[in-house]
Structure formats: structure tokens, C-alpha cells
There are 2 protein chains.
Amino acid sequence: MSTQRQSEWLSQTRRGLLEIAVLALIERESTYGYEIVTQLSARPALAAGEGTIYPLLRRLRRDGHLETAWRESEAGPPRQYYALSAAGRAHLETLRREWQSIVESVNAALNPDESS
Amino acid sequence: MSTQRQSEWLSQTRRGLLEIAVLALIERESTYGYEIVTQLSARPALAAGEGTIYPLLRRLRRDGHLETAWRESEAGPPRQYYALSAAGRAHLETLRREWQSIVESVNAALNPDESS
DNA sequence: TCCACTACCTCGTTACACATGGTACTATTT
DNA sequence: AAATAGTACCATGTGTAACGAGGTAGTGGA
């Protein structure tokens with residue numbers, strides 16, 4: 001498989017966006033790294049390989065936004081499940097607001113004076 | 001003045017987004033670096049200092065997306081005006097589409113099954 | 001003369017996406 | 001029994017961009 005080559009612009013833009021997307025996925029349901037990579041690959045704009053997702057997850061845990069628990073799988077190696085901490089939920093709410101603000105700003109720049 | 005301290009997340013997320021915003025501003029009307037910094041500072045989500053904008057403009061010119069011309073100012077030092085090249089216009093159209101796709105993907109992740 | 005504003009620029013730090021490659025367990029095929 | 005494919009984790013090196021800090025000039029007013 002291997003994630004297909006993305007445009008350089010997309011690669012740069014994904015920074016931060018992946019964080020909000022991953023937090024949202026985990027908010028929906030506690031899950032693990034490999035599954036997140038698989039889910040994201042369904043959306044080309046957010047598709048990211050393991051070399052991106054695993055470091056991101058460890059970073060979010062390091063910063064106290066995620067809690068982890070090892071759980072066995074019926075078939076295959078054990079999985080490390082991630083869940084939002086209280087701080088993580090608050091963080092996601094902040095990012096939601098900032099994301100909203102970014103979308104408005106970029107759209108405003110793209111569509112000059114959309115009067116009314 | 002000096003651009004006020006932004007969140008780390010915003011700083012990372014701005015990558016690429018600044019490019020589309022700056023190209024859109026220049027598409028609207030040929031302008032120069034200092035003016036762009038001033039205009040962006042009106043939108044906190046996209047506010048960026050000179051240390052960010054000037055390198056970005058030079059990068060866009062280097063890649064053939066912008067053309068430049070020095071023009072005198074009635075008061076103050078001369079200004080370097082930027083305008084979109086044909087390649088720059090095409091590039092902006094591509095980014096518009098990719099941006100649209102990103103917004104849809106992130107919103108879909110943030111709002112699970114919004115069944116009409 | 002000094003200060004503030006305009007307008008350009010460079011450099012060093014830091015952070016992150018990504019490709020590559022590695023380990024290990026399970027299940028299926030030969 | 002050995003090989004293969006799929007699952008699931010991880011680490012390292014490279015390249016790029018945002019940002020802060022600092023520097024150079026020109027203009028105009030106190």
C-alpha cells in the first residue's frame with residue numbers, strides 16, 4: 001500500500017489539522033494507532049502514514065491530552081488504545097473554536113467582500 | 001505593536017494556509033509585503049509577522065507564482081509590489097480546490113455522521 | 001537632534017510531516 | 001516446518017516553514 005505521494009502544499013498544511021482530526025476520531029470512540037491510520041486513509045486530504053500518526057499520538061499523550069491502555073486483540077499483536085483525558089476534551093474544544101476562526105478567515109480572503 | 005503570542009497549534013496550522021491567504025490577497029489587487037502584514041493582522045487567525053511573510057513572498061516568487069516590480073512611495077522607502085503570474089493563478093485555483101477538500105474532511109471528522 | 005513610522009531584509013531556533021526500515025505476533029498457505 | 005501476508009507497534013534522518021529578534025534606510029514631525 002504505502003500512502004501515495006501528496007502535494008508539498010498539502011503536506012505542510014496538514015500540520016495541526018491532523019491533530020484536530022485525530023482528537024475528534026478518539027473523542028468519537030477510543031481507538032488505536034493502526035486503526036486511525038486506516039480510517040484517515042479513506043480521506044485523501046488527511047491521509048497520513050504510520051510515521052506521522054504514531055509520533056503525533058505519543059506527543060498528545062506526552063502533553064496530557066490522551067490516556068492509554070494496552071488491550072489484547074483476538075488475532076494479532078496487542079493494541080495500545082487511546083482515549084481523551086479531561087484536558088484533551090478541553091483542548092479539542094479550543095481547537096474547534098480556532099479551526100472555525102481559521103475557516104472563516106481563509107474563506108474571507110478567498111472570497112473578497114461577499115456582501116450580505 | 002509586534003504580533004501577539006499565538007498558540008503553538010495555530011502556529012503549526014498556519015503552514016500552507018498563509019500561502020493561500022497571501023495569494024488571494026494579491027489576486028484581489030497587486031500589493032507589497034508590509035501592506036500584507038498589516039492586512040493579515042486584522043484577522044487574528046492569520047496574523048503573521050514580517051519574519052514569516054517576507055520569506056513566504058520570496059518563496060512564491062522563486063517558484064514562479066509571483067512577479068515583482070519596485071515602485072516608489074510618496075512618503076517612505078520604495079515598495080516591492082507583487083502580482084500573480086499565470087502559473088500563480090493556476091496554483092491558486094489548485095489550492096482553492098484542495099482547501100475545499102480539507103475543510104470538508106476536517107468538518108466530517110469533527111461532526112460524525114451528520115445524517116442530513 | 002531625536003523619535004516614530006514605513007518598508008525592506010537575514011539568521012537561528014524549533015517543530016513537525018514523511019519515508020524508510022525494523023520488531024513481533026497471528027493465520028494461512030505450501 | 002517454512003514461507004508469506006496481515007496486523008500492530010516503534011525509531012531515525014531529512015527537509016521545510018513559522019517565528020522572534022535584530023538590522024538597514026528613507027521620511028516627517030516635535
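As a basis for the values below, the full set of heavy atoms in this structure was taken, side chains included, without hydrogen atoms, waters or symmetry mates. Lettering follows sequence order; numbering is per chain, from 1.
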It should be established whether A:Tyr54 places a side-chain nitrogen or oxygen under 4.0 Å from OP1 or OP2 of nucleotide D:dC10.
no
Selection: residues 64-74 of chain B, any non-hydrogen atom under 4.0 Å of DNA chain C:
B:Trp70, B:Ser73
Counting just side-chain N and O atoms, does B:Thr52 come under 4.0 Å of either OP1 or OP2 of D:dC19?
yes
In this structure, how many angstroms lie between the P atom of D:dC10 and the CD1 atom of A:Ile53, rounded?
13 Å
Test your reading of the model: is there a side-chain donor-acceptor pair from A:Trp9 to the backbone of B:Gly16, 3.5 Å cut-off?
yes
Comparing nearest nucleotides in DNA chain C, the 5'-proximal residue of the pair B:Gly51, A:Arg62 is B:Gly51
Out of C:dC9, C:dA27, D:dA17, minimum distance to the side chain of A:Ala75 belongs to C:dA27
OP1 or OP2 of C:dA15 under 4.0 Å from side-chain N/O of B:Arg15
no
Base, sugar-phosphate or nothing for B:Gly33? Non-hydrogen atoms, less than 4.0 Å.
sugar-phosphate
When rounded to the nearest 0.5 angstrom, what is the spacing between OG1 in A:Thr68 and CZ in A:Arg61?
5.0 Å
In whole Å, I'd like the distance from the CD atom of B:Glu19 to the P atom of D:dT16.
14 Å
Results of salt bridge (Lys or Arg N to Asp or Glu O under 4.0 Å) for B:Arg59 - residues two or more places apart only:
none
When rounded to whole Å, the CD to P distance for the pair A:Gln39 and D:dT7 reads 14 Å
Phosphate oxygens OP1/OP2 of D:dC9: is one of them under 4.0 Å from a side-chain N or O of A:Tyr32?
no
Starting at CD of B:Glu50 and ending at C1' of C:dT6, how long is that distance when rounded to a whole Å?
9 Å
Can you list everything that forms a salt bridge (Lys or Arg N to Asp or Glu O under 4.0 Å) with B:Arg28? Sequence neighbours excluded, please.
A:Asp113
Ignoring backbone atoms, establish whether B:Arg79 has a side-chain N or O less than 4.0 Å from OP1 or OP2 of C:dA7.
yes
State, yes or no, whether a side-chain contact exists between A:Arg71 and A:Tyr81 at a heavy-atom distance under 4.5 Å.
yes
Between CD of B:Glu8 and C1' of D:dA17 the distance, given in whole Å, is 12 Å
Is the closest side-chain donor-acceptor distance between A:Glu19 and A:His91 under 3.5 Å?
yes
Rounded to the nearest angstrom, tell me the gap between atom CH2 in B:Trp9 and atom C1' in C:dC16.
15 Å
Let me spell it out: for each of A:Glu35 and B:Gly76, pick the nucleotide of DNA chain D with the closest heavy atom. Which residue's pick is nearer the 5' end?
A:Glu35
Considering just the side-chain nitrogens and oxygens of B:Tyr34, establish if one lies under 4.0 Å of OP1 or OP2 belonging to C:dC8.
no
Might you point out which heavy atoms bring A:Ala87 and A:His65 nearest each other, and give the distance in Å?
O-CD2, 3.8 Å
With a cut-off of less than 4.0 Å, is there a side-chain N or O of B:Arg59 near OP1 or OP2 of D:dA17?
yes
Between D:dT16 (C1') and B:Leu18 (CG): distance, integer Å:
14 Å
C:dA17 P sits how many Å from A:Arg14 CZ, rounded?
9 Å
Under 3.5 Å donor-acceptor, B:Thr52 side chain and B:Ala48 backbone
no
Which of C:dA17, D:dA18, C:dA24 is nearest the side chain of A:Pro77? It is C:dA24
Just N and O in the side chain of A:Gln80: are any of them under 4.0 Å from OP1 or OP2 of D:dC10?
yes
